[in-house]
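Chain letters run A, B, ... following the sequence lines, proteins first, then strands; residues in each count from 1.
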There are 2 protein chains.
Amino acid sequence: MSAKLHRTSDHPLSPVPLADFKVGVDNVIFSVDTQQNRLMVLVVMRHDEPFAGYWSLPGTLVRQGESLEAAAYRVLAEKIRVNTLYLEQLYTFGGPDRDPRESPQAFNVRYLSVSHFALVRFEDAELIADGVSGIAWYPLAQVPQLAFDHNEILTYGYRRLRNKLEYSPIAFDVLPEVFTLGDLYQLYVTVLGEGFSDYSNFRARLLKLGFLQDTGQKTSRGAGRPASLYRFDAAAFEPLKEKAMVFI
Amino acid sequence: MSAKLHRTSDHPLSPVPLADFKVGVDNVIFSVDTQQNRLMVLVVMRHDEPFAGYWSLPGTLVRQGESLEAAAYRVLAEKIRVNTLYLEQLYTFGGPDRDPRESPQAFNVRYLSVSHFALVRFEDAELIADGVSGIAWYPLAQVPQLAFDHNEILTYGYRRLRNKLEYSPIAFDVLPEVFTLGDLYQLYVTVLGEGFSDYSNFRARLLKLGFLQDTGQKTSRGAGRPASLYRFDAAAFEPLKEKAMVFI
DNA sequence: ACAAAAGTGTTTACTCTACACCCATGG
DNA sequence: CCATGGGTGTAGAGTAAACACTTTTGT
């Protein structure tokens, strides 16, 4: 964000007034409910204006000395206790008038949102109910009208999630240390939808890639043949990084 | 960027001080010099502190009432006159201390950079020399040490450019209305490097996709058989949108 | 024995790659 | 007539999609 070079706007006595910003971080937090095969989104109830009484994406304003990423992790940590997660920056929404608080009377402060998207493990994501604010997982398909432009951010986040799942090993950030290929397949089906691939083809492709390490252990869950437990081998994945690798 | 829900920070009398930001927009502007087969990057010379005397990516601070995108287009328009271009948001760099102006004495103002990347047509990009600021195209490989974290932003932009070229029809935003398949191939080779694909395979794949419309016209440039001129058919491309289509 | 889930294999159709080769033009 | 770039075709390897089949468990 170097200053402009033209004197007309770079000069301290510039005639063009710069905007003053508060910077917010809003998180699209996804989780896969493997019991019911549903993709969940975390939303929080707003109690203050604007949009009091609306659900919204969990967010916060960036504090002095705090990086954007740190703010994103803070929001997450304030809402849920979780060990394993994947988080990355999504997009920055910053048009004027996206936030009703930007009235000219309010000192002309603009509100900008650096959105992030996160994927957390559903089973060990413990919601932090503070007794005041509502907080809930919604199945993606049933998310209601949200505050601000948060539905738009959510749509954007979902697109990114699907892309990431196809090209990157983020599923392993959210699966247990050892898992069955069925677990992995269910996760993919839940996010990408039925019919993205046949189980046996999915299985063959992934095993051929060679970064799934068979632990030798088996697990039995009710009826059916016991499944082998696998572990993600990050070292074996290294050479595949940056390649247009497709999981689907 | 909804306000936090926890009282400790959402309350007007919050004990946690929020950061105040100036928001900058920095553009990674690429162009393909088809004469010499070089990928070029636009840089401008800084005359003011910090980093006076360094080359930097063209940038500006966002003004009151101005959207991020508008600011990005303004920077571009101030540096070059160009008709055809592609522009999109890249990433937001916002850690504390990325800008030396963020001294505690300076009212604790943070500087955040919403970087964008653009691809413009080299032939009709006319640099605007204002007599004061230096401005130049550098071949990507020879870009010097830049101000701030701009080399990092440039690296990020180059990665995005390559990805975009593989998945999206941005090449046609920067090619003339009609072009030969050789023109298109050269553009790809220049950006993606030799050996991304053989010409005849590239050709066959693209023609099969069906969105290149043969105009029937031919062009002759020196020796060699005259080439057919093609036009990008946006309507025919529509159904391919959102599909993981690969040009390479 | 049977259902359920895991795991293997096979067939068929494409797609990718690396070439070889023909075509039309300028010098 | 030959160098130059445009354009076509093809063999062989590899990949993808659909689906049939076997294995191992719980009930």
Side-chain angles (χ1 to χ4, degrees), chain A residues 34-37 165-167 175-176 178-190 192-231 239-240 243-248, chain B residues 34-37 165-167 171 175-176 178-190 192-231 240 243-248:
Chain A
T34 43
Q35 304 304 304
Q36 303 198 53
N37 284 356
L165 213 59
E166 290 176 10
Y167 299 120
L175 282 172
V178 295
F179 50 86
T180 69
L181 288 175
D183 293 339
L184 183 60
Y185 180 67
Q186 276 311 318
L187 196 158
Y188 272 81
V189 168
T190 304
L192 300 178
E194 205 81 39
F196 82 97
S197 172
D198 168 282
Y199 173 66
S200 75
N201 292 330
F202 176 79
R203 177 190 174 78
R205 203 168 329 115
L206 248 77
L207 289 178
K208 173 130 59 122
L209 289 170
F211 54 75
L212 292 183
Q213 179 177 95
D214 193 333
T215 62
Q217 295 158 266
K218 303 262 176 194
T219 183
S220 191
R221 318 217 257 252
R225 174 173 173 173
S228 294
L229 287 168
Y230 288 84
R231 187 193 310 281
L240 301 175
K243 295 203 177 179
M245 69 158 307
V246 189
F247 284 56
I248 61 159
Chain B
T34 43
Q35 304 304 304
Q36 303 198 53
N37 284 354
L165 214 58
E166 290 176 11
Y167 299 121
L175 282 171
V178 296
F179 50 86
T180 69
L181 288 174
D183 294 338
L184 184 60
Y185 180 66
Q186 275 311 317
L187 196 158
Y188 271 81
V189 167
T190 304
L192 300 177
E194 206 81 40
F196 82 97
S197 171
D198 167 280
Y199 172 67
S200 74
N201 293 330
F202 176 79
R203 178 190 173 78
R205 202 167 332 115
L206 247 75
L207 288 179
K208 173 128 61 121
L209 289 171
F211 53 75
L212 292 183
Q213 180 178 93
D214 192 333
T215 62
Q217 296 158 263
K218 303 265 177 192
T219 184
S220 190
R221 318 217 256 252
R225 174 174 173 174
S228 293
L229 287 168
Y230 288 85
R231 186 193 311 280
L240 302 175
K243 294 204 179 177
M245 70 159 306
V246 190
F247 285 56
I248 60 159

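No donor-acceptor distance shorter than 3.5 angstrom exists from the side chain of A:N201 to the backbone of A:D198, with no hydrogens or angles considered. Here the side chain of B:Y188 pairs a donor or acceptor atom with the backbone of B:L165 at under 3.5 angstrom.
Atom CG in B:L207 sits roughly 14 Å away from atom P in D:dG6 (whole-Å rounding). Remark: P of C:dA6 and CG of A:L184 are 12 Å apart, rounded to the nearest angstrom. One can place NZ of A:K218 at 10 Å from C1' of D:dT23, the figure rounded to the nearest angstrom. Going from atom CG of B:L206 over to atom C1' of D:dG7 covers 15 Å, rounded to whole Å. As a whole-Å value, the separation of B:L229 CG from D:dG6 C1' is 12 Å. In this structure, the CZ atom of B:F196 is 14 Å from the C1' atom of C:dC16, given to the nearest Å. A:Y199 has its OH atom 20 Å from the P atom of D:dC21, to the nearest Å. In this structure, B:N201 places its CG atom 16 Å from P of D:dG14, rounding to the nearest Å.
Each of B:R205 and B:S200 has a nearest nucleotide on DNA chain C; the 5'-most of these lies closest to B:R205.
When the side-chain nitrogen and oxygen atoms of A:S228 are compared with OP1 and OP2 of C:dG7, one or more of them lie within a distance under 4.0 Å. Listed pair A:K208 / D:dT15 meets the phosphate criterion, a side-chain N or O lying under 4.0 Å from OP1 or OP2. Put simply, A:R203 has a side-chain N or O that comes within less than 4.0 Å of OP1 or OP2 on C:dT8.
A distance of 11.5 Å separates CD in A:Q186 from CG in A:L175, rounded to the nearest 0.5 Å. In this structure, B:D214 CG and B:Y230 OH are separated by 4.5 Å, a value rounded to the nearest 0.5 Å. Atoms CD and CG, from A:Q213 and A:L229 in turn, are 12.0 Å apart once rounded to the nearest 0.5 Å.
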Show the numbers, then the answer: is there a ring pair (Phe, Tyr, Trp, His ring centres under 6.0 Å) between B:F202 and B:F247?
CA-CA 8 Å; B:F202 176 79; B:F247 285 56; 8.0 Å; no
As a quick check of understanding, evaluate ring pair (Phe, Tyr, Trp, His ring centres under 6.0 Å) for B:Y185 and B:F196, giving each step before the final call.
CA-CA 10 Å; B:Y185 180 66; B:F196 82 97; 5.8 Å; yes
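Within residues 219-227 of chain A, the residues that place at least one heavy atom under 4.0 Å from DNA chain C are, in residue-number order, A:A223, A:G224, A:R225, A:P226, A:A227.
Closest to the side chain of A:D198, out of D:dC19, C:dA18, D:dG6, is D:dC19.
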